[in-house]
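Presented below is the structure to which this report refers.
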2 protein chains.
Amino acid sequence: MAKQVVPESDRRRRRPTKQGGVLSHALIVETALRMLREHGSGGLTVRRLGTALGADPSTLYRYFRGIDELTLAIGDELVGRALRGWEPSGAWRADLRELGLRIHSAYLAHPQAAVLTASRVTGRSHEVAADEAVLGLLRTAGFPDASAVRIYQAFIDQSLAFAALDAASLALPDAARRADEEVWRATYARLPAESHPHIAATAHLLVERMNRSAYPTALEMLLDSAEAQLAAVPGRAPGAGGRTPGRSAPRRGGGTAPQAGPRGGRPGRLGGDG
Amino acid sequence: MAKQVVPESDRRRRRPTKQGGVLSHALIVETALRMLREHGSGGLTVRRLGTALGADPSTLYRYFRGIDELTLAIGDELVGRALRGWEPSGAWRADLRELGLRIHSAYLAHPQAAVLTASRVTGRSHEVAADEAVLGLLRTAGFPDASAVRIYQAFIDQSLAFAALDAASLALPDAARRADEEVWRATYARLPAESHPHIAATAHLLVERMNRSAYPTALEMLLDSAEAQLAAVPGRAPGAGGRTPGRSAPRRGGGTAPQAGPRGGRPGRLGGDG
DNA sequence: CGGCGAACGTCAATGGGGTTGGCATAAGGT
DNA sequence: ACCTTATGCCAACCCCATTGACGTTCGCCG
């Protein structure tokens, strides 16, 4: 058995599969993404993936140490897509908004994959870039370091957390999702006003809203609060951010746009058991 | 084979297990929670749960349609615990804060279980109560219905989303979590200032903060924004909320405290594939 | 141009998982 | 005390991830 997986960059001999395909990390990840889309978040299995690639299942262990490592690679791919082509405009609020929405929608473009990876620490290459960018936006905007770090963490985690939550809904099989929506409509829309006055009074609004992600709202609220905090910083004029709710500001170029740095990860937080 | 699972309330004949135990939904869920704590989030298996209960694995199918239904029951239990004993004080901001923190920490008290359930739609009994409570707090505070619904959704989803994210960290095996923290420290603390100036400048703050949940910060920011929106409502004096960051306000009793209502769930949101 | 070592794909096997159909039995109502 | 049937148990099915040994073929090196 292979004790060590050969890193992609060191691969020389590419031997075609019995069915003629030539494997690579990229091809495997891509195929895995397709399989997740087609078979749902539980549909990624080594056997099936092997079949789809026209290779023996065990072959995959030449490329990844196990299915977990493959999962992380998939997550890394999603993060990479989120940042691809992004450039700051110079208006911190608009930039943060766009960054958040990009991360969110990159995950939601592959909900089944996002379910598996969004709340996982990838420990891979694209995260440092995003972190540096966010911190840069905040510090350049004038936030003191302590605030910048606090807000940065809330921003990043909020984006990932909502991505995971929203992906879970999207990843449900169509039938199950429709059934869930029906339950919602049937239950909430009919709660008697005596027992649940507030739900009853707003049922129409609830039914209408509940099919949309709350992330844009939550993000905007976070930016509101940040902007207010910035205005309160001594020696600073209020209203420094680009206030353009729901739309991204035009690009102005310049600013901080770091590329992917060395490996790093968002480690586990809080103390607790295993 | 049993086509239908007998609901807990209809059970009459309780036949002891070969090893003497008497099963029930409650006992099974409780045992499952213990097993998750002891064996990690992947450690809940029908076979193992059967052994722990002193029963044949297949017996569990007399109580739950499958492991998925059991999972949802576990989630429901966590939600129930979050609300147990909660009462509003009358100060909307303090009440929302406490509610959010309660939900968050109820999940985090069982991280391995939370990982499995926090981003799942439980479709069970305790959610309506929480929803009514949150909507009630907001509408009573004076938010117009449209705002109340928007903020309610952001609040609830943010709480669940962070619970899932934070639980994922806590649920890691001790060794993996420590390793992750070390990676973080080793990588971020040593990034050269030339390539990553902002991370380098705030490394000490980052390392210090990253082991804590960002949820309290994000929650406070959401409440900030809500309070500002409330102040802007025509015909309303500013500063209506109890401003007591980080502490819960003293109880005053009264207010809206609905009990668990009929079944209902947070359905899948957004349109997308399955 | 020929050989050799290692890289790579394949095979077969292991241990574990969820789930099911059939069956024995004891619990409860009568 | 009897009968019904809910309930627990058994054995079996099929799928999964992972591993170790094996044979083939690639690509380097002389």
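Lettering follows sequence order; numbering is per chain, from 1.
Scanning atom types as modelled, no donor and acceptor separated by under 3.5 angstrom connect the side chain of B:T17 and the base of D:dC9. If you check distances only, the side chain of A:R47 does reach the base of D:dA17 with a donor-acceptor pair under 3.5 Å.
Comparing B:I67 and A:L60 against DNA chain C, the residue whose closest nucleotide sits nearer the 5' end is A:L60. Toward the 5′ end of DNA chain C lies the nearest nucleotide of A:A55, the other residue of the pair B:D56 and A:A55 mapping further downstream. Place A:L44 and B:T59 on DNA chain D by their nearest nucleotides, and B:T59 ends up nearer the 5' end.
The distance between atom CG of B:L53 and atom P of D:dC9, rounded to the nearest whole Å, is 10 Å. Straight-line distance from the CG atom of B:L27 to the P atom of D:dG8: 11 Å, rounded to whole Å. Separating the OH atom of B:Y61 from the C1' atom of C:dT20 is a distance of 9 Å, rounded to the nearest angstrom. Distance A:I28 CD1 to C:dG9 P: 8 Å, rounded to the nearest Å. Protein atom CZ of B:R48 is 6 Å distant from nucleotide atom P of C:dG17, rounded to whole Å. Rounded to an integer number of Å, the gap from CG of B:L49 to P of C:dG17 is 12 Å. Rounding to whole angstrom units, CG of residue A:D68 and P of D:dT18 are separated by 8 Å.
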Query raised in the report: Would B:R34 and B:E30 count as a salt bridge (charged side-chain N to carboxylate O under 4.0 Å, His left out) if you check the C-alpha gap in whole Å, the side-chain angles of each, and the deciding distance to 0.1 Å?
Result: CA-CA 6 Å; B:R34 185 159 42 81; B:E30 195 180 317; over 6 Å; no
Requested in this report: Could you walk me through whether B:R81 and B:H126 pass side-chain contact (heavy atoms from CB on, under 4.5 Å), step by step?
Outcome: CA-CA 9 Å; B:R81 292 183 185 190; B:H126 294 286; over 6 Å; no
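Note on A:T45: only backbone sugar-phosphate atoms sit closer than 4.0 angstrom, heavy atoms only; bases stay farther off. Within 4.0 Å of B:P16, counting heavy atoms only, lie sugar-phosphate atoms of the nucleic acid but no base atom.
Contact annotation: B:K18 side-chain N/O to D:dC10 OP1/OP2 distance is under 4.0 Å. Note on A:Y63: a side-chain N or O is less than 4.0 Å away from OP1 or OP2 of C:dG9.
Not a single donor-acceptor pair under 3.5 Å links the side chain of A:H39 to the backbone N or O of A:L44.
Considering all non-hydrogen atoms of both residues, B:L53 and B:T17 come closest at O-CG2, 4.4 Å.
Among the nucleotides D:dC9, D:dT19, C:dG9, the one closest to the side chain of A:R62 is C:dG9.
Under 3.5 Å, the side chains of A:S159 and A:Y107 contain no donor-acceptor pair of N or O atoms.
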